[in-house]
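To find a chain, count down the sequence lines: A is the first, B the second, and so on, and within it residues start at 1. Since this is a predicted model, take the numbers as computed values, not measurements.
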Amino acid sequence: MIKVRNLVKTFGTFVAVRGISFEVREGEIFAFLGPNGAGKTTTIKMLTTLLKPTSGSVELDGLDPAASPNEARKRFGIVFQDPSVDDELTAYENLDFHGVLYKVPRKVRAERIERLLKLFDLWERRDSPVKQFSGGMRRRLEIARGLLHTPKILFLDEPTLGLDPQTRNQLWTHVRQLNEAERVTVFLTTHIMEEADRVAHRVAIIDHGRIVAQGSPAEIKSSTGSQTLEEAFLALTGETIREEEATGLDQMRRMSRLWRGRRA
Amino acid sequence: MSAIYILWLRQLKRYLRSRTRIIGSLGQPLLFLLALGFGFGPIFRKAGQGNYLQFLAPGVIAMTILFTAVFSGIELIWDRQFGFLKETLVAPVPRLTIMLGRTAGGATVAVLQGLIVAAICLVAGVRVSGPAALFYALLYMVLIGVLFTALGTAIASLLSDFQGFQLIMNFLVMPLFFLSGALFPLADAPRPLQVMAAVDPLSYGVDGLRSALAGTACHFGAATDLGVLAGLTALLLALGAYLFAKIEV
Ligand SMILES: Nc1ncnc2c1ncn2[C@@H]1O[C@H](COP(=O)(O)OP(=O)(O)O)[C@@H](O)[C@H]1O
Ligand SMILES: [Mg+2]
């Protein structure tokens with residue numbers, strides 16, 4: 001369903017994604033794990049037509065998102081890591097706007113909006129402008145919106161960031177149900193390992209723009225001789241953290257180059 | 001079509017919900033009408049040019065639409081910074097459609113704001129030649145609104161933050177207004193000023209609007225006014241759609 005080969009993204013002289021390759025099969029829940037700044041969001045942006053890859057190839061349901069963005073966009077839904085709702089509109093209006101853009105028929109739209117707002121405990125506040133919402137409520141609204149239309153591929157970029165355990169549980173139950181009942185392929189990022197271990201069929205671990213391991217959670221654990229995915233993750237990415245400490249000066253140089261690059 | 005409608009509706013709702021913005025942006029045109037309209041009135045009359053308020057009103061209406069329209073276009077930067085832009089950019093809707101919806105919304109808001117100022121002008125004693133005048137006036141107002149919303153959107157597509165905003169206000173929007181013949185008759189202006197007015201698209205809007213309201217002849221000619229405005233609007237819509245399609249976030 002998703003095929004990525006030698007994908008590279010550079011910002012100025014800084015290489016955020018360094019030639020990654022992976023494949024996500026149809027109907028699979030695939031988790032992209034990595035520390036902050038590893039390149040997860042950048043990868044998702046390239047897969048979802050928001051960024052043009054520097055080099056490498058992407059295939060979404062057999063389509064190249066760079067060449068036929070509109071066709072590709074019909075196939076996926078996304079929950080962004082960063083805020084993306086309209087503060088001036090109400091919760092209901094935000095969802096309705098989304099439903100119209102994604103051509104969800106009026107009746108189905110009204111039903112689904114009601115169901116999702118109730119599921120994420122926002123129904124009572126449906127007519128309040130989003131600017132009055134707390135951080136957690138906004139996050140719930142973002143997620144409800146991402147689930148409003150049923151795409152072939154669902155991208156979830158750190159969906160549980162800032163959610164309480166109850167909502168987290170609702171979310172994963174719903175995602176699993178979508179995956180099982182409607183065969184929605186799910187591509188998610190998280191840095192809560194326990195979560196990935198529980199919901200993902202397969203995972204890839206990315207660090208400094210490179211994939212350092214991929215396979216089922218069980219495979220990753222056994223290959224590193226770890227009890228938990230968290231242990232395996234630390235075993236795989238720990239070394240690089242030490243390396244980064246050793247080359248702090250290097251990183252400063254990189255930042256200053258990046259800064260100059262951005263201003264030019 | 002429904003995508004254009006919902007994008008248009010969103011902008012209209014945002015406008016109608018921000019009363020401070022509606023009232024705030026009426027301050028400037030009112031000041032112009034009051035200070036200039038009544039202040040220069042006697043001199044204008046002595047010079048044999050007639051009623052200055054009558055002359056100034058279309059200029060101030062056009063100014064209101066210009067400022068509101070450019071600002072509506074620039075709101076794109078706002079959407080980019082607050083993240084909402086991503087939501088529209090990943091939607092399965094051609095970027096041209098999004099551009100058209102945004103422009104329609106921004107232009108509607110600008111024209112509404114222009115209509116409020118026009119109503120104030122009528123109350124202040126500005127006379128209109130007849131019902132047909134209102135129709136033609138509205139046509140010019142819409143053209144000015146669409147043209148400059150498209151311009152604002154095209155510019156905003158190139159900017160990722162508000163740093164360049166002041167530059168655009170001072171070196172583009174202000175000159176567009178002051179050189180357009182909104183404040184003075186072009187016919188008697190010095191030659192260099194006339195040349196500058198001729199390359200300022202707003203001049204054609206002000207000219208058309210003024211002749212429509214007063215029922216007098218155009219400085220450039222009605223066909224020229226309409227042709228320039230419509231042609232440039234189409235051009236800027238195409239340019240805006242092109243630039244918009246290249247946005248990365
Ligand atoms: N637009 C950009 N310009 C420059 N650097 C960027 C840009 N976007 C992301 N980066 C950098 O790329 C790296 C990867 O970022 P990101 O993909 O957001 O990481 P993650 O989502 O894994 O936390 C980071 O070092 C980040 O600072
Ligand atoms: Mg991220």
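For A/Lys45, the part sitting under 4.5 Å from any heavy atom of chain B is the side chain, from C-beta outward, and nothing else. For chain B, no part of A/Arg75 is nearby; none of its heavy atoms comes within less than 4.5 Å. Interface remark: B/Leu9 contributes no atoms to any contact with chain A (heavy atom separation under 4.5 Å). Within the 4.5 angstrom heavy-atom criterion, atoms from both the backbone and the side chain of B/Lys86 approach chain A. Of the two parts of A/Leu101, the backbone and the side chain both hold a non-hydrogen atom closer than 4.5 Å to a non-hydrogen atom of chain B. With a threshold of 4.5 angstrom between heavy atoms, A/His149 does not approach chain B through any atom at all. Heavy atoms of A/Glu93 lying under 4.5 Å from chain B belong exclusively to its side chain. For a residue to count as touching a neighbouring chain, one of its non-hydrogen atoms must lie under 4.5 Å from one of that chain's; by this rule A/Phe97 touches chain B with backbone and side chain alike.
The number of heavy-atom neighbours closer than 6.0 Å to NZ of A/Lys52, taken from other residues, nucleotides and ligands shown, is 12 or below. Atom CZ of A/Arg168 is surrounded by more than 12 heavy atoms from other residues, nucleotides or ligands within 6.0 Å.
A donor-acceptor pair is defined here as one N or O able to donate and one able to accept, closer than 3.5 Å; such a pair exists between the side chain of B/Arg17 and the backbone of A/Glu88. Side-chain atoms of A/Arg126 do not come within 3.5 Å of backbone N or O of A/Thr90 as any donor-acceptor pair.
Taking the six-membered ring for Trp and thresholds of 30 and 60 degrees, B/Phe177 and B/Phe67 have ring planes more than 60 degrees apart, a perpendicular arrangement. Ring-plane geometry between A/Phe155 and A/Phe187 is classed as tilted, the angle between the planes lying from 30 to 60 degrees on a 0 to 90 degree scale.
Checked against B/Trp78 for a ring-ring contact (aromatic ring centres under 6.0 Å, His included), the options B/Phe84, B/Phe162, B/Phe165 give a single hit: B/Phe162.
Of the listed residues (B/Ser18, B/Pro92, B/Gly83), the one with the most heavy-atom contacts under 4.5 Å to chain A is B/Pro92. Note: A/Leu51 leads A/Leu51, A/Thr48, A/Asp87, A/Ile78 in heavy-atom pairs under 4.5 Å with chain B. Most heavy-atom pairs under 4.5 Å with chain A: of the set B/Glu248, B/Lys13, B/Arg95, this distinction falls to B/Glu248. Comparing B/Ile247, B/Leu85, B/Thr97, B/Leu7 by heavy-atom pairs within less than 4.5 Å of chain A, the highest count is held by B/Leu7.
A salt bridge links B/Arg10 with A/Asp86; the closest basic N to acidic carboxylate O contact falls under 4.0 Å.
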